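For reference, the structure discussed in these notes is given below.
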Amino acid sequence: MKQIKLRKGIYSSPLAFVCNMLLVYVLYTVCRLVFLWSNWESFATGFDKLELNQLIVGSLLFDTSAILYTNALYALLLLLPLHYKERRPWKRVAKWVFVVINGLCIAMNLADVVYFRFTGRRTTTSVFQEFSHEGNLLSIVGKEVAHHPFLLLLGIVLIALLWVLYVEPRAYRPQLRPRWKYYVVQVVAMGIFVPLCIGGMRGGFTTAVRPITLSNANQYVNQPAEAALVLNTPFSLLRTLTKKSFENPQYFTAEELDQIYSPLHTPRAGQGEMLRKNVVVLILESFGQEFVGALNKDLDGGKYKGATPFLDSLIAVSTTYEQSFANGRKSIDGMPSVLSSIPMFVEPFFLTPASLNHLSGLAGELNKESYYTAFFHGAANGSMGFQAFAKSTGFKDYFGRTEFNEDKRFCGDADFDGTWAIWDEPFLQYYATKMNEMREPFMTAVFTASSHAPFKVPEQYERQFPDEGPTVLHRCVKYSDMALRKFFAKARTMPWYKNTIFVLTADHTSLSSHPEYGTPVGTFRVPIIFFDPSGQMPAGRHEGIAKQIDIMPTILGYLRYPHPYIAFGNDLTQVAATDNYEVAYLNGVYLFVQGNEVLLFDGQKVTGLYDYKHDVMMQHNLMGKSARQGEMERKLKAIIQSYMSRMISDEVTIKK
């Protein structure tokens, strides 16, 4: 008993605070180690190239900032120079504040152990806006927790340690220490803590140091994806609470900018009468290029089969490209990129103030030529903000789970997957049926849903698509590929089929099992397929690059669209794919891919240059050694500035 009293009685409030903060540092480190262990495949190829001391310094820097921000109230409760804080009720409140706040932070860090696999970055505040319309979100989270019992148990243990190992200050006894001495100690402790706290929150003490942000993590690692190792989730959330999505960097004058890059597209002289073909765009949930056997003929020594036999057969009679890329890492990035030629820079476009700008897209432009336009998504109406974006970009109608359920020709909620949306097979059959009832020409788009968490297939297909493959997504992709085969089989029987241009792509990549798909370039690789049943668009695989934001201008160029419009991608009927480029944003760094090279740029300076074709794992930094570096940096800066300035000034459409 004497020892226990001694343990609880030797700590003053400042010393108890220090001990408890050290405990939080230890638990953050445990979370980071679990994060690394669970996502090892994402870091394994470059981990031996990282400087361990830099990794530790960076981790401590960002952990310090997060810990001080989140524990500001607790610090106030323990360090205020008032002897009233030594009373038992005050101490009890302080302990509860400490445990609850840091328990939530531990839960956030452990949640990203799983979520990182899908996004490639630490979670930011955009996630709350992204899922703000999901009424089944608690159900989804609950199922994910049930699928990861180890993380649930670990979280309970770590939060319990916060309570059990908490160091409580001793009771103040004025008879043992004069009150003036007590106040001297407390004031000195507070005087030391305040400047240390400010410096720790900012990430440094000099006037040249701005408060650190997400992009600062890149100075401690070699590649953008590795920044997640240095960051922690509470910091990422805090730093994006009030982050501005758009700031004009003013790299160039307005005259210089227009000479280097402009997103304004104008009709070609003498292009002839517009082709009044139907346009059908299929955005396939999580169908990263890695799943497509026809686009990975050299993978696994040429033995790789993939998970998409139907898509492989379609590619054989379609137009594809040697390199094809997404322009974001989330579903809410895919829709603006594919349908409106708007890439994701800094934050998902849906979630920024610019989403209220005057917008257009394939639907809005083709409306001008009297097309009928409609968007389809098998989830609850309003899910992911797709319905709102579809309406704002010109789609005349929206068909979601509500409309599917109301159509008596289909089974309604009997075809609901129980968590997210209508299974792909019945919903794609519904999609084909509805298009057969539309007047031509029409432009439609569908966003599939089954190749997604909770990674299930309909019960009747459990044996046909067993739970096998390198990732849990494989059988879902196989099921969705089968659904595509049945969709095209039905579409072929319909009169509008041969007068239609089909575009198939993924919204983003997801789980991967090959290291080359975990690099900064690999994490954006998706199929982009143009299929014309009439044969007017010649089939074949072209050298060069295609990206999601090229889809809208390429389709409009192919149709010989007669009006000017704004699109941040290129028309591949006018720009050779060998001269084309990819542009994307990941963990505070812009990626610019052209030819054999990828340039990394943090908004102020180039941080890396790699020959990604010959140095697939991006191990050898060629910064300063390439003759094209200056030209690539100049082009990227112009794209960024044009994008930012147009978003700020609401100039992403041609206004009448």
Side-chain angles (χ1 to χ4, degrees), residues 208 210 213-216 218 224 243-269 327-328 336-337 340-347 349 352-361 545 547 549-550 552-553 556-557 563-571 574-576 579-586 588-595 597-609 623-624 626-656:
R210 298 177 64 189
T213 188
L214 303 185
S215 61
N216 292 102
N218 290 285
K243 184 176 180 61
K244 287 185 178 180
S245 302
F246 304 115
E247 292 182 5
N248 189 340
Q250 298 182 333
Y251 301 124
F252 308 104
T253 65
E255 294 76 17
E256 291 172 331
L257 182 61
D258 286 339
Q259 291 177 358
I260 303 168
Y261 169 80
S262 172
L264 174 63
H265 294 253
T266 55
R268 296 191 298 268
N327 295 100
S337 295
S340 292
S341 193
I342 297 174
M344 195 289 281
F345 284 171
V346 184
E347 287 295 338
F349 176 77
T352 67
S355 62
L356 300 177
N357 285 352
H358 295 85
L359 302 174
S360 189
I545 290 172
K547 55 189 179 292
I549 59 174
D550 296 333
M552 172 183 163
L556 293 178
H563 308 288
Y565 61 92
I566 300 295
F568 289 95
N570 288 321
D571 174 1
Q574 294 191 59
V575 176
D579 297 327
N580 200 19
Y581 51 81
E582 152 73 342
V583 61
Y585 182 90
L586 179 65
V589 173
Y590 293 93
L591 284 75
F592 187 80
V593 183
Q594 192 169 37
E597 296 170 324
V598 54
L599 180 111
L600 307 181
F601 179 70
D602 68 3
Q604 297 180 345
K605 63 184 183 302
V606 173
T607 60
L609 183 73
M623 189 168 61
S626 171
R628 295 182 61 183
Q629 178 177 323
E631 177 190 344
M632 292 174 72
E633 180 182 355
R634 186 167 178 262
K635 183 79 169 188
L636 175 58
K637 283 181 174 179
I639 294 168
I640 295 169
Q641 182 173 336
S642 181
Y643 178 90
M644 296 295 177
S645 62
R646 285 180 177 273
M647 291 300 170
I648 293 168
S649 60
D650 190 7
E651 295 181 273
V652 287
T653 58
I654 303 293
K655 297 176 183 175
K656 295 180 180 179

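Predicted, not measured: the structure shown is a model, and the values here were computed from it.
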Checklist line | Residues Glu597, Leu609; criterion side-chain contact (heavy atoms from CB on, under 4.5 Å); working and verdict | finding: CA-CA 7 Å; Glu597 296 170 324; Leu609 183 73; 4.3 Å; yes

Notebook entry, point to check: Which atoms form the tightest heavy-atom contact between Ser337 and Met344, and what is the distance?
Noted result: OG-N, 4.5 Å

Note to self: Rounded to the nearest 0.5 Å, what separates atom OG in Ser340 from atom CE in Met552?
What the structure shows: 6.5 Å

Next item on the list: Could you tell me whether the side chain of Tyr261 and the main chain of Phe568 form a donor-acceptor pair under 3.5 Å?
Entry: yes

Check: Is the closest side-chain donor-acceptor distance between Gln594 and Asp579 under 3.5 Å?
Finding: no

Notebook entry, point to check: Are Arg634 and Phe252 close enough, and set up right, to give a side-chain contact (heavy atoms from CB on, under 4.5 Å), and what steps lead you there?
Noted result: CA-CA 10 Å; Arg634 186 167 178 262; Phe252 308 104; 4.0 Å; yes

Checklist line | Evaluation steps, side-chain contact (heavy atoms from CB on, under 4.5 Å), between Tyr581 and Met632 | finding: CA-CA 10 Å; Tyr581 51 81; Met632 292 174 72; over 6 Å; no

Margin query: Could you check whether any side-chain heavy atom of Glu247 comes within less than 4.5 Å of a side-chain heavy atom of Val346, counting everything from C-beta outward?
Written below: no

Note to self: Phe592 and side-chain contact (heavy atoms from CB on, under 4.5 Å): which single residue from Ile639, Ile640, Leu600 fits?
What the structure shows: Ile639

Checklist line | Non-hydrogen atoms of His265 and Asn570 that approach each other most closely | finding: CE1-CA, 4.2 Å

Checklist line | Separation between CD1 of Ile566 and OG of Ser642, rounded to the nearest 0.5 Å | finding: 8.0 Å

Item checked: Ser645 side chain to Gln641 backbone, donor-acceptor under 3.5 Å -> yes

Margin query: Salt bridge check, Lys635 against Glu631: does any charged N sit closer than 4.0 Å to a carboxylate O?
Written below: no

Check: Would you say the side-chain atoms of Asp550 pair up with the backbone N or O of Gly569, donor to acceptor, closer than 3.5 Å?
Finding: no

Next item on the list: Applying side-chain contact (heavy atoms from CB on, under 4.5 Å) between Leu591 and each of Asn327, Leu599, Leu586, report the one that passes.
Entry: Leu586

Item checked: Verdict with supporting geometry, Val583 and Ile549, side-chain contact (heavy atoms from CB on, under 4.5 Å) -> CA-CA 9 Å; Val583 61; Ile549 59 174; 4.3 Å; yes

Item checked: Spacing of Phe601 atom CZ and Gln629 atom CD [to the nearest 0.5 Å] -> 11.0 Å

Note to self: Any non-hydrogen side-chain atom of Leu556 less than 4.5 Å from a side-chain atom of Asp571?
What the structure shows: no

Checklist line | Spacing of CG belonging to Leu359 relative to CZ belonging to Phe349, to within rounding of 0.5 Å | finding: 4.5 Å

Note to self: So, taking the atom named NZ in Lys637 and the one named CD in Gln604, what distance separates them when rounded to the nearest 0.5 Å?
What the structure shows: 10.0 Å

Check: In this structure, which one of Ser360, Pro553, Ser341 forms a side-chain contact (heavy atoms from CB on, under 4.5 Å) with Tyr565?
Finding: Pro553

Next item on the list: Working to the nearest 0.5 Å, report the span between OH of Tyr585 and OH of Tyr643.
Entry: 11.0 Å

Check: What is the minimum heavy-atom distance between Ala638 and Ile260, and which atoms define it?
Finding: CB-CG2, 3.5 Å

